[in-house]
Asker: 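First, the structure itself, so that you have it in front of you.
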Amino acid sequence: MGEPLSRSQALAAAVMAVALVMAGRGASAQISPGPMSHAHAGLDGSDSCLSCHSSGRGVDPARCFSCHGPLSQRVKAGQGLHARADYRACERCHIEHQGRGFELVYWGKAGQAAFNHALTGWRLEGRHARLECRQCHQPAKLQETARLKAGKVNLDKTFLGLGTTCAACHADPHAGQFATTGCASCHGQESFKPTSGFDHQKTAFVLAGEHSAVPCAGCHRPVSSGAVRYRGLSSDCASCHQDPHQGRFGHACASCHTVAAWSEINRSGFDHRRTGYPLEGRHARVACEDCHRPGRPMKIAGAERCASCHADPHGGQFQARAAAGECGECHTVAGFVPSRFTLAQHQATRYPLEGAHARARCAGCHGEATPATIEQAGAVLAFAGPRPATLERFRFAATTCPDCHADPHRGDARAYLGADGCRSCHGLERWREVRFDHRRTHFALEGAHAKKGCIDCHRPSEAGKAGREIRLAGAPRECLGCHVDPHFAQFDRGGTPRPCTECHGLEAWAPSHFDHDRDAAFKLEGAHRAVACVGCHARESLGGKSFVRYRPLGSSCTDCHGAEVKP
Amino acid sequence: MRIVHRLVLSALYLLGLGTVAIFAWKGQGYYLTPLAERPRHPLYWQLKPGGELGLVFGITGATMMVVMLAYSLRKRLPWLSSWGPVSLWLDYHIFLGLCGPLFILLHSSFKVQGLVALSFWSMVAVALSGIAGRYLYRQIPHNSAGDELSLAELERQDAELGRELSEEFRLPPEALRRLDALALEGTDPGRSLAALVFRLPFDLSLLRLRLRRFGRDYPQLDRVRRRAFERRLFKKAVLLRRMAFWQRLRQLFHYWHVFHKPFAVVMYLFLLVHVGVAVLTGYGWVSH
């Protein structure tokens, strides 16, 4: 160990050595607490401290703004995140001196996606809240890019410069039609359609009736520019609808039609008399389209003729008439029935109505018949549609009674009919009013028989399919054919009934012309003459029916008076 | 007075070291976080060097380091000599030199780079050399006022200890000679200064063991007197060794100054620059 250094020499040497070390390493670089981030790499070194820091204020936002001009302008304007009081200290978020690789913008543990965009003064709602940041914050959508570039803003990384109007990001599909009202007055942020904020009822054209069900595109159609036209549409019907009347009724559609439905006519607003065809009677109550069929010209050719609208239900049976089957001869607009064809008119036909016929219902004679039947009568039928199975018959081949009426006698009277047919016996006033000489038959009517009605002997059968039958032939001639034997066959002779006329007359049943002394084996003598019939012929009962016992009766005294009576 | 001084000093150590320990414990989550992730740590704004607490640590540590200079003033300004002995000032100088760097360590948040690194490591060098200097200082005998004793004074103390051992503990002259030989064993003047420095603690421990064995040859003493006897033996042996090393330790202590002070100057220089830059860049007592 040599001579030790003096204290001052050693001290000076040491200080010098350290100073040299410092100079060698670059003293200026030693002042910084750490290298700057990549964005601020140009500010590394002790001569740049005051680019950000200032005495007494630390990191001075004013110095930061000297570089970050565009941000400074927003802060001065009180806009954006950095204008908030709790975001004014730059270094609280943008931590520096952590090296080149340190991320200068810290989004929190949850990352950028969890950033509360409302802090910027622009709350993200609906689908906006689900977008990636750079879907909006991209150079193509930035405004005033020249100003940003002048402020050395990296357009690829900045969050500045994005407008808050819809048009800043979205193209206007309406080509400026709603420039004054803004998108948000109609569209929500969740989806472009449906237009949650739009209410057509608040427009000048309130949708009512069928207009409410029409899709938007039904009225709002693209124009040549490709944009759908929403504004400037005329509220005239003709701006959307073609006039099916081709102007015949003017352009005031609403005077007849309502928005409830095209077919729903505002009757009070339309005077059909203007058409030259006033609606009267039932016509006034039918729907317009019942006459003015869709797809056909509004003007009905030959409208003055019923057949222009109505099919002939008679199949042309009246074509041969002088009026050529014109409906108005019989019918009015008040209704198809009743017909106004009067009895007097009928009397002028080939078949004037007499007697009961004049009182009969039309349908009583003019009932349903098959077209073939009517055609057989000489009618030439014509139908607008398919041939009906039946129709009312107005043409007849003949007008004899059997042409309308069924023969209840089933031909039994044929032998007795004269040239008048049925009318040989029956009158026109009443069917039951019969004029017939029964003597023409084998059974002349005598006594009480002459006073009876026909059907008292010619009993009508039960109504069958062919109607009631009143058969004339085969009527019995013997009494019991019509009458019931009240004597219960007491007077039969050898099993054969005895003619009633042996005791009873034709005028009346009683009194009979029976003579006890002549006709009976037991002659009445003495006190027996004074005895009433029932004294000997008592009433008995057989099978629940009572009858008077006439025979056989005993002729001995004890048969009536008993054993104690002495003969 | 000496007891009061010890109590005050102990309280200061307890307060200083305890404070550092508590904040180090509380902030361990932050301090153990990798540097790149610290800015995202919840305690970043409190414990970073310019943070609410970090700045307090820095100012406290720097203040301690500055106050520590009072010891140098005490040594250099004669009119301060009436303000207590140098050894007392040295005790507070050492306290401040230990706690100050610990507060600075908290202030740095265990992140040492740039200018701070140079300043910090200068401080570490000063502190560690201070600990070594304290050890060397103890090896050079001083009086109660802290003044360095002369070789003649040392020889007088050695003679006094020899007399006490002979008279009070009946140690024969032959034994005294054997004790002196034992104490001076390994004090070869040819040993290098480095070997002397690094072997000194080991040699003293070895000497203590040998002296205990030496004392067993005189078993007639009771337990209390034996301890007093052994203290005298060790004191005389250490004194003899210090007398043997006196010149060389004084030379070593001179070199220590050469090492300790330049680093201190560098440290203060950088501290000045650091504080200046901090003030210039806006870091005051209340952090931003």
Side-chain angles (χ1 to χ4, degrees), chain A residues 1-19 21-22 25-35 37 44-46 48-61 63 89-99 101-104 106-109, chain B residues 34-42 44-45 48-50 55 108-109 111-119 121-122 125 191-194 196 248 250-270 273-274 276-284 286-288:
Chain A
M1 179 97 17
E3 189 68 22
L5 293 168
S6 73
R7 185 175 295 182
S8 58
Q9 284 175 324
L11 190 61
V15 171
M16 286 293 288
V18 172
V21 169
M22 279 189 62
R25 296 189 61 183
S28 62
Q30 299 299 320
I31 292 176
S32 169
S37 67
D44 259 340
S46 60
S48 298
C49 299
L50 298 182
S51 296
C52 306
H53 295 270
S54 69
S55 179
R57 298 194 64 179
V59 177
D60 188 352
R63 302 205 173 192
C90 308
E91 78 278 10
R92 296 295 293 193
C93 296
H94 307 293
I95 299 172
E96 261 300 358
H97 296 290
Q98 303 298 322
F102 191 78
E103 196 63 44
L104 209 51
Y106 181 55
W107 297 96
K109 285 185 177 178
Chain B
L35 293 180
E37 297 170 21
R38 284 189 185 182
R40 315 305 183 206
H41 196 281
Y44 175 73
W45 293 100
K48 71 164 191 158
L55 205 58
S108 74
S109 69
K111 172 191 170 188
V112 181
Q113 60 186 31
L115 172 68
V116 179
L118 217 53
S119 178
W121 292 118
S122 297
R191 289 176 74 176
S192 70
L193 205 57
L196 176 67
R248 303 192 68 181
R250 289 185 72 246
Q251 185 185 4
L252 190 63
F253 200 52
H254 171 74
Y255 290 137
W256 172 82
H257 276 110
V258 173
F259 182 81
H260 185 68
K261 289 182 181 174
F263 276 109
V265 171
V266 170
M267 180 189 75
Y268 284 116
L269 272 177
F270 288 140
V273 173
H274 177 69
V277 169
V279 172
L280 186 67
T281 54
Y283 291 97
V286 179
S287 66
H288 295 282

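Given the structure is predicted, the values throughout are model-derived calculations rather than measurements.
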Asker: List the atom of B:A36, the atom of A:F102, and the distance in Å for their closest heavy-atom pair.
Answerer: O-CE1, 3.4 Å

Asker: On a heavy-atom basis, which atom in B:L280 and which in A:L50 lie closest, and how many Å separate them?
Answerer: O-CD2, 3.9 Å

Asker: Quick one: pull up CZ in B:R40 and CD in A:E103 and give me the separation to the nearest 0.5 Å.
Answerer: 8.0 Å

Asker: Testing the basics here: between A:E91 and B:W45, what is the closest heavy-atom pair and its distance to 0.1 Å?
Answerer: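 That would be O-CH2, 3.0 Å.
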
Asker: Please report the shortest heavy-atom distance between B:T281 and A:H53, naming the atom on each side.
Answerer: O-ND1, 3.1 Å

Asker: Please name the pair of heavy atoms, one in B:V279 and one in A:S55, separated by the smallest distance, quoted to 0.1 Å.
Answerer: O-OG, 3.4 Å

